[in-house]
Amino acid sequence: MKIGILGSGNMGRSLGILWAEQKHEVFFGSRTAEKGQAVAESAGNNTQGGTNDEAAAFGDVLLYTIRGVNPAEVLTSIDVLDGKILIDCNNYEIPENFAYQPIELSLAEKLASEVPQALVVKAFNTMAQEVFELSPQPLNEYNVSVFVAGDDEDARKMVMSLAADIGFAPVDCGELRFSRLIEGLGDFIRYLIIGQKLGGYATISVETLPEAKNQRLGGRQSSSLH
Ligand SMILES: NC(=O)c1ccc[n+]([C@@H]2O[C@H](COP(=O)([O-])OP(=O)(O)OC[C@H]3O[C@@H](n4cnc5c(N)ncnc54)[C@H](OP(=O)(O)O)[C@@H]3O)[C@@H](O)[C@H]2O)c1
């Protein structure tokens with residue numbers, strides 16, 4: 001897969017390196033061609049680097065790491081995004097004292113409204129950079145969930161496959177509107193990591209357990225609550 005990285009900071013650099021290790025073709029984009037080229041040079045693995053415009057033109061899948069900035073301010077023309085998968089890994093800035101507001105419109109939905117011809121998919125916002133450093137092994141032994149939401153099913157499947165390639169356990173969360181919940185999880189895990197001092201290796205794993213052999217608690221009864 002040809003992958004373009006828009007913004008080569010912590011997330012862009014980390015995911016780009018990991019995908020390149022798995023033999024994807026990666027182009028690191030940046031505000032300056034020099035920085036994009038420097039990131040590619042240190043990443044190796046046949047990666048390329050340059051401007052965000054060049055990265056957007058290169059990739060069939062793009063990673064958008066530029067929180068809250070309209071792509072129209074980043075790219076010369078947003079037409080280059082038409083029909084492409086645009087992964088949004090962003091979380092809102094942490095408010096003082098973790099006093100998060102309820103998410104009525106997710107960053108991913110805002111992004112989708114700014115580039116309506118792109119296939120926006122939410123993913124990779126619920127684990128810290130430290131976790132990426134463990135990819136693919138021993139990460140793949142820990143069933144770390146990547147929650148994936150987007151309105152286009154094929155785009156979701158592609159992003160799930162990119163998550164599995166680097167040792168994560170993708171979880172299909174359905175339409176893009178569910179990114180509100182996923183961003184809420186991103187807020188929660190950062191509260192646990194920073195506020196409760198669990199550290200950057202704290203993650204979220206969805207486990208599906210086997211059915212109990214005997215339902216000694218009486219099993220699930222229909223509820224009388226409405
Ligand atoms: N770091 C983590 O552990 C982590 C984990 C999960 C999710 N996230 C989320 O992922 C997003 C990126 O985080 P990060 O840690 O990668 O941040 P970062 O290291 O600061 O990288 C963000 C990059 O965005 C680009 N950028 C910043 N302002 C810009 C502007 N006005 N116009 C164009 N480009 C601009 C810069 O790229 P260039 O310098 O290359 O131009 C910058 O390096 C955030 O929303 C964060 O909440 C982070």
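Atoms within a ligand are numbered from 1 in the order they appear, just like the ligands themselves.
Within the set Leu6, Asn10, Ile66, the minimum heavy-atom distance to atom 15 (O) of ligand 1 is found for Asn10. Within the set Lys35, Glu73, Met127, the minimum heavy-atom distance to atom 39 (O) of ligand 1 is found for Lys35. Distances from atom 3 (O) of ligand 1 to the heavy atoms of Gln129, Glu93, Glu183 show the closest one on Gln129.
Using a cutoff of 4.0 Å between basic side-chain nitrogens and carboxylate oxygens, Glu109 and Arg177 are not scored as salt-bridged. The pair Asp88-Lys122 meets the salt-bridge criterion, with a side-chain N (NZ, NE, NH1 or NH2) lying under 4.0 Å from an Asp/Glu carboxylate O.
For Phe188, the CZ atom sits in a loose shell: 12 or fewer heavy atoms of surrounding residues, nucleotides or ligands are nearer than 6.0 Å.
Side-chain rings of Phe168 and Phe132 approach one another, their centers coming within less than 6.0 Å.
Annotation: atom 45 (O) of ligand 1 to nearest protein heavy atom, Asn90 OD1, 2.7 Å. For atom 16 (O) of ligand 1, the nearest non-hydrogen atom of the protein is Met11 N, 2.8 Å. Protein heavy atom closest to atom 38 (P) of ligand 1, with residue, atom name and distance, is Ser30 OG, 3.3 Å. Annotation: atom 29 (C) of ligand 1 to nearest protein heavy atom, Arg31 NH1, 3.5 Å. At the shortest separation from atom 21 (O) of ligand 1 among protein heavy atoms lies Gly9 CA, 3.4 Å.
Shown here, atom 47 (O) of ligand 1 is in close reach of the protein: a heavy atom of it lies under 4.0 Å off.
Using a 4.0 angstrom heavy-atom cutoff, Glu130 does not count as in contact with ligand 1. Residue-ligand proximity: Phe124 is placed with a non-hydrogen atom under 4.0 Å from ligand 1.
Counting heavy atoms from C-beta outward, Leu162 and Val61 have side chains that approach closer than 4.5 Å.
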